[in-house]
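Beneath this line is the structure, given in structure tokens, with notes to follow.
This structure is a prediction, so every number in the text was calculated from the model and none was measured.
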Amino acid sequence: MRILVVGAGAIGGYFGGRLLQAGRDVTFLVRPRRAGELASAGLVIKSPNGDVTLKNPATVQADALKDKFDVVLLSCKAFDLDDAIRSFAAAVGPNTAIIPMLNGMKHLDVLDQTFGAERVLGGLCAIAATLNEKREVVQLQPMQAISYGERDGKLSERVKAIDEAFKSGITGAAASQNIMQDMWEKWVFLSSLAASTSLMRTSVGNILAAPGGRDFLLGMLDETSAIATASGYPPGGPFFERVKGNLTTEGSPMTASMFRDIKAGLPVEADHVIGDLIARADAAKVPVPKLRIAYTHLKAYEKQRVE
């Protein structure tokens with residue numbers, strides 16, 4: 001099985017690196033700068049689950065990409081999706097499976113329109129990782145998970161083959177027969193955390209310590225959950241209790257990566273993570289006043305950032 005990992009940043013570098021470490025046929029689609037870094041220093045992973053340096057990992061640049069791959073693992077940010085599609089389009093053949101690990105749902109429509117829905121699986125990952133100043137992949141916490149599956153819930157032969165390959169190198173890899181529910185539940189949690197910590201510019205613990213903070217966090221969760229329910233994917237059970245616990249843990253240092261990107265002056269996925277939720281809320285006539293305030297805040301940040 002030939003696997004093309006689009007990018008070798010924190011997420012692509014980690015999961016692709018673990019697959020490469022396990023002896024899988026992995027190629028990284030990268031820009032010239034990253035290709036040079038990987039050629040000279042290798043792909044370096046610093047992790048609570050074990051450090052590794054992978055010398056001379058196979059790389060390719062977009063203008064030299066000609067071969068078709070069995071799997072394309074896509075881990076870019078939403079605002080880079082169009083560029084990413086152009087970069088890996090030549091690798092997609094009749095039997096290629098694309099596994100997107102982007103947040104939200106909007107990207108599925110874009111990928112479907114470009115490559116056909118039959119080539120696009122559902123997918124998500126849960127990991128806290130970053131690139132340090134040495135451009136090494138640093139996993140910040142032991143947690144790591146990646147899920148993938150057919151969007152109709154069937155356990156297909158191609159998903160079984162992908163599952164076998166991924167489990168050989170990635171602890172926490174799992175095929176899912178409920179991938180759309182899984183993606184919606186992650187979106188509910190992520191959007192609640194991102195909207196709250198970005199708007200308040202601080203951690204969950206600090207929000208909880210402020211007057212009205214608990215009601216604010218749980219109100220944001222109520223709004224995102226209502227949108228998921230109206231869309232046919234009601235969150236609940238152990239997931240909902242776990243998320244509620246994460247958002248009500250006093251002293252929690254938890255923040256969303258979106259908030260950390262704001263602090264660093266970087267682009268954010270305002271439209272993909274929050275704006276698309278609001279559009280779905282409007283279509284279902286679900287009131288979301290807190291989400292609207294958070295979205296206005298994010299769009300104002302984007303405006304300020306480009307001035």
Can you list the steps and then say if Asp25 with Leu19 is a side chain to side chain contact (heavy atoms under 4.5 Å, CB included)?
-> CA-CA 8 Å; Asp25 185 348; Leu19 290 171; over 6 Å; no
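- Separating the CG atom in Asn103 from the OG atom in Ser191 is a distance of 9.5 Å, to the nearest 0.5 Å.
- Residues Phe166 and Ile11 share a single hydrophobic cluster, defined by chaining ILVMFWY side chains whose heavy atoms lie under 4.5 Å apart.
- Cluster annotation: Ile162 is connected to Ile170 through the hydrophobic network of ILVMFWY side chains, with a link wherever side-chain heavy atoms come within less than 4.5 Å.
- Between the side chain of Gln139 and the main chain of Gln141, a donor-acceptor pair closer than 3.5 Å is present.
- In this structure, Arg31 places its CZ atom where only 12 or fewer heavy-atom neighbours from other residues, nucleotides or ligands lie under 6.0 Å away.
- In this structure, a donor-acceptor pair under 3.5 Å is present between the side chains of Asp182 and Ser176.
- In Glu164, the CD atom is not crowded: 12 or fewer heavy atoms of neighbouring residues, nucleotides or ligands sit closer than 6.0 Å.
- Between the CG atom of Asp215 and the CE atom of Met220 there is a distance of 12.5 Å, given to the nearest 0.5 Å.
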Go through the steps for Val6 and Cys76 under the test side chain to side chain contact (heavy atoms under 4.5 Å, CB included), then give the verdict.
-> CA-CA 7 Å; Val6 181; Cys76 66; 5.6 Å; no
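- The shortest non-hydrogen separation linking Met254 to Thr197 is O-CG2, 4.0 Å.
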Candidate pair Asp261 and Glu269, rule side chain to side chain contact (heavy atoms under 4.5 Å, CB included), full reasoning | CA-CA 10 Å; Asp261 288 342; Glu269 297 176 310; over 6 Å; no
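- A salt bridge links Asp112 and Arg151; the closest N-O separation between the charged side-chain nitrogens and carboxylate oxygens is under 4.0 Å.
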Pair Val204-Leu217, side chain to side chain contact (heavy atoms under 4.5 Å, CB included): steps then yes or no | CA-CA 8 Å; Val204 165; Leu217 284 163; 4.2 Å; yes
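- For the side-chain contact (heavy atoms from CB on, under 4.5 Å) with Phe15, the lone residue among Val137, Ile3, Ile146, Val5 that qualifies is Ile146.
- Not one N or O on the side chain of Thr249 forms a donor-acceptor pair closer than 3.5 Å with the backbone of Ser252.
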Test log, rule salt bridge (Lys or Arg N to Asp or Glu O under 4.0 Å), inputs Glu157 and Lys160 | CA-CA 5 Å; Glu157 291 303 315; Lys160 289 178 183 178; 3.4 Å; yes
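- Atom-to-atom distance recorded for Thr27:OG1 and Leu4:CG is 6.5 Å, nearest 0.5 angstrom.
- Nearest heavy-atom pair across Ser75 and Met101 is CB-CE, 3.7 Å.
- The CG atom of Asn178 lies 13.0 Å from the CE atom of Met183; values are rounded to the nearest 0.5 Å.
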Below 3.5 Å, can you tabulate the donor-acceptor pairs from side chains in residues 275-300 to any protein atom, sequence neighbours excluded?
from	atom 1	to	atom 2	distance (Å)
Asp276	OD2	Arg280	NE	3.0
Asp276	OD2	Arg280	NH2	3.1
Asp282	OD1	Arg292	NH2	2.3
Tyr295	OH	Asp271	OD1	2.5
Thr296	OG1	Arg292	O	3.0
His297	NE2	Ser198	O	3.2
His297	NE2	Arg201	NE	3.2
His297	NE2	Arg201	NH2	3.4
Lys299	NZ	Asp271	OD1	3.3
Lys299	NZ	Asp271	OD2	3.1
Lys299	NZ	Glu302	OE1	2.8

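- The hydrophobic clustering, which links ILVMFWY residues whose side-chain heavy atoms are closer than 4.5 Å, places Ile45 and Val26 together.
- Arg135 and Leu131 make their closest contact through NH1-CD1, 3.7 Å (heavy atoms, listed as atom of the first residue, atom of the second, distance).
- Interatomic distance, CZ of Arg2 versus OG1 of Thr96, reported as 10.5 Å (0.5 Å rounding).
- Judged by distance alone, the side chains of Thr255 and Arg260 do bring a donor and an acceptor atom under 3.5 Å apart.
- Smallest separation of non-hydrogen atoms from Pro57 and Gly42: CD-CA, 4.3 Å.
- Judged by distance alone, with hydrogens and angles left aside, the side-chain atoms of Glu150 form no donor-acceptor pair with the main-chain N or O of Val159 at under 3.5 Å.
- Looking at Leu111, Leu74, Thr114, Ile99 one by one, the single match for side-chain contact (heavy atoms from CB on, under 4.5 Å) with Val120 turns out to be Leu111.
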List, one per line, each side-chain donor-acceptor pair under 3.5 Å for residues 77-91, sequence neighbours excluded.
from	atom 1	to	atom 2	distance (Å)
Asp83	OD1	Arg86	NH2	2.2
Ser87	OG	Ala84	O	2.6

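- Between the side chains of Tyr233 and Glu185, not a single donor N or O lies within less than 3.5 Å of an accepting N or O.
- Under a hydrophobic-cluster definition in which Ile, Leu, Val, Met, Phe, Trp and Tyr are linked whenever side-chain heavy atoms come within less than 4.5 Å, directly or via other members, Ile227 and Phe216 are assigned to the same cluster.
- Criterion: ILVMFWY side-chain heavy atoms under 4.5 Å apart, direct or through other members. Under it, Trp187 and Ile127 are not part of a common hydrophobic cluster.
- Not a single salt bridge (Lys or Arg N to Asp or Glu O under 4.0 Å) links Lys68 to another residue, sequence neighbours left out.
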